[in-house]
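Taking it in order: structure first as structure tokens, then the write-up.
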Amino acid sequence: MNSELLLKNLNPEQQKAVQHHSGPLLIIAGAGSGKTRVITHRIAYLIDHYRVKPMNILAVTFTNKAASQMQERVADLVGPVADFITISTFHSFCARLLRIEGEHIGLKRGFTIYDATDSENLAKKVLSELNLDPKRFSEKMMLSAVSASKNNLILPEDYPEDSFSEEKIKQFYASYQKKLKESNAVDFDDLIMQTVVLFKRHPNILEKYQKRFQYILVDEYQDTNHTQYILVALLAASHKNICVVGDDDQSIYSWRNADIRNILEFEKDFPNTTTIKLEQNYRSTSSILEAANNIIAHNLNRKAKSLWTENPKGEKIQVYQADSERDEAQFITNEINQLIKKGVRLKDIAVLYRMNSQSRVLEEVFLNNKLPHIIYGGIRFYDRAEIKDTLAYLRLIANPYDTISFNRAINTPKRGIGPVTIAKIEDAKENFGVNYLDTLLRATSIPNLGSKLKVISEFARLWYYFTTYQEGHTITEIVESIWDKTEYMKILENEGTDEALARIDNLKEFLSVTKSYDERTDNMGSLNGFLEEISLITDIDRYSDTSDAISLMTVHSAKGLEFPVVFVTGLEEGLFPSSRALYDESQIEEERRLCYVAITRAMKLCYLSYAETRFLWGQTSYNRISRFIEELPEEINNLSRKAARVTKSANQVATSFSSPLPELRSGDKVLHGKFGKGIVIEVKGAGKSQEVTVVFDGCGLKKLMLEYAKLTKI
DNA sequence: CCTTACGCCATTTTT
DNA sequence: TGGCGTAAGG
């Protein structure tokens, strides 16, 4: 494409960002300011105008979805040479690099990437070996300490030991790392940290990649942690051609150790930085933008910026006060039904919430009202037991050192192997000084196996078979072979319960994942490549706007997306902002940014709702209206809010001041507000749960709950 | 070694 | 509320 054409339809700031040639560049890109457009056009401009070779460009994002979207859009601009640009997430970039260079830091080929559950299982092992009081040192807390260390580039040997608990954490950290290494595995945080360690220990390798990646772009820079910052800084150290794009107002991952200072102090870290602010919003109506601006203005710790738009004013923000979470869901349902009548498509609508558990009621009510919807997040597909079982076998084929997968596979399906036998195998493995597979292949030399010897030898034979079968077969074939030879499928089929059937369905879905991988890689994809891909995938990556359904997701997952209509739910003190944040101003600021992200997803219509009572964690709670709604100026929301109050109080009058329940028996004549006159033909139950069946003159037979149906005896 | 039942627990966001 | 771990029984 002609490089002049690339500048067309860009505003002056965007053009400046695209045309910037070398040296550090900081782009502060407000919500909806055409950020992706600028990055993709900049990449294309580097190639077309400055003649940079595609293979010398590295673009890093946080989600797979952002990466593949970027890849696509760049390909639209520059054509097939886009394949030579490295566009990937931090994690998969590092994973691929470690596949190639890992041996320099003791990682063998085929190393396994442990997900959160695997890490927890490993942590449990370590914890029980260390004999620590599980009340004081839970694996959760230990793991978050380890994660924080890794994200801040603190190695086990650098961990402080100034207090008793620090000492214990240090111990834990060290043996956890030792176990990972023995398993030839890394956890998520290791992917980044080990890459940095590699670069620091082997400057020649770093140099190789510095020469390779002469132009570096980082998306969502506000979400980088310290280790990621170091990684990027190391790669850019020699040429300083680093362009970061981000928005401090959209920093919502500090709990994962994202360091907002990275973006606030970029200019200090990289002298002679060119800074460009993209402040024109192309996404939202000015009402929506004004609401978002008003809320975020309450944050003190931020870069000054003022987002503006030429878009029309549009509808005011709607605020709805619900009686309960059910009422909230019902309101959203009714509103959506109205919108559908006006021609709004379901896929144009998103319902956002603070935490996944809020999706339950919404799902129920949507189901009752037959509203097609998709819930993103929650239980990950790859976390399901049957998928993990299959994955355990695949991982063992790739990595015979993997202790977590070994512990899972050895007794799946049930072979009567428990902790006692496993301990014997572990002992033998230590003595033999080889991996699990080689240990089992010598099972006859393992002492005291007794009657288990047979079944273990059988398992070893199977495992060895899989490792040879792997050569020259597709992932799909390997998986089918596993299910066949272990009789995993057969066992599920024989069970025949609903649960077993659901598991079989999931396995079939898994097969479609392997098939698409096989196709994509021309049946030449490696097992490692496949395992890597699925361990780094998240639920939100499944998001596609092809199916016509309402999207339900957390605000965090919605970052980077946009929808014509957005409902933000649960705006209550203690929920949004979260109760964990209430007493810490910096955490309140993060919640506020989260709210800002939520509102700025909306293009045309934005609804905010809160419930006066909410059934949460097994009990009903009464929360005050969220401060974020109060931070909206009256003229933006006042009208709809008052309207909501009025309808609400009308309901309240109806329910709390209604006359005592009428005593009815069959044959009584009754009057109903909507159905008119009728005759009672049956009365069931007593007191509040009494149910009456009435034949109405106009509309026939109805069953009514006495408590809710406003029936009057006549 | 496995299954079941019970009681206790915590309760966000995820690459 | 429900998910999980423990303890007891099969």
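The sequence lines fix the lettering, A, B, ..., with proteins before strands; numbering per chain opens at 1.
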(request) Could you say whether A:Ile417 or A:Glu590 is positioned toward the 5' end of DNA chain B, judged by the nucleotide with the nearest heavy atom to each? (result) A:Ile417
(message) Please compare A:Ala116 and A:Lys414 by the position of their nearest nucleotide in DNA chain B and report the one closer to 5'.
(response) A:Lys414
Establish, from distance only, whether the side-chain atoms of [X] and [Y] form a donor-acceptor pair under 3.5 Å.
| X | Y | answer |
| --- | --- | --- |
| A:Tyr176 | A:Asp187 | yes |
| A:Asp402 | A:Tyr114 | yes |
| A:Glu590 | A:Tyr253 | no |

Phosphate OP1/OP2 of [N] contacted by [X] side-chain N/O (<4.0 Å):
| X | N | result |
| --- | --- | --- |
| A:Arg580 | B:dT11 | yes |
| A:Arg256 | B:dT12 | no |
| A:Asn356 | B:dT13 | yes |
| A:Ser557 | B:dT14 | yes |
| A:Ser357 | C:dT1 | no |
| A:Thr421 | B:dC1 | yes |

By the 4.0 Å heavy-atom rule, please label [X] as base, sugar-phosphate, or nothing.
| X | answer |
| --- | --- |
| A:Arg593 | nothing |
| A:Lys124 | sugar-phosphate |
| A:Val420 | sugar-phosphate |
| A:Phe62 | sugar-phosphate |

(message) Can you confirm if the aromatic rings of A:Phe93 and A:Tyr209 lie within a centre distance of less than 6.0 Å?
(response) no
(message) Check for me whether the distance between the ring centres of A:Phe628 and A:His298 falls short of 6.0 Å.
(response) no
Nucleotide nearest [X] (side chain, heavy atoms from C-beta), chosen from [options]:
| X | options | value |
| --- | --- | --- |
| A:Phe615 | B:dT13, C:dT1, B:dC2 | C:dT1 |
| A:Asn411 | B:dT14, B:dC2, B:dT12 | B:dC2 |
| A:His556 | C:dG2, C:dG5, B:dT13 | B:dT13 |
| A:Lys140 | B:dT14, B:dT11, B:dC2 | B:dT11 |
| A:Met355 | B:dT13, C:dG5, C:dG2 | B:dT13 |
| A:Tyr253 | B:dT14, B:dT12, B:dT3 | B:dT14 |

(request) Kindly indicate whether the side chain of A:Arg354 and the base of B:dT13 share any N or O donor-acceptor pair separated by less than 3.5 Å? (result) yes
Could you tell me how far apart [X] ([atom1]) and [N] ([atom2]) are, to the nearest whole angstrom?
| X | N | atom1 | atom2 | answer |
| --- | --- | --- | --- | --- |
| A:Gln587 | B:dT13 | CD | C1' | 12 Å |
| A:Met141 | B:dT11 | CE | C1' | 19 Å |
| A:Ile491 | B:dC2 | CD1 | P | 13 Å |

(message) Could you work out, with side-chain contact (heavy atoms from CB on, under 4.5 Å) as the rule, every residue matching A:Ser324, not counting sequence neighbours?
(response) A:Arg326, A:Asp327, A:Thr613
(request) With P as the reference atom in both, quote the distance from C:dG5 to B:dT12 in angstrom, rounded to an integer. (result) 16 Å
(request) For C:dC4 and B:dT13, measure between their C1' atoms and round to the nearest Å. (result) 22 Å
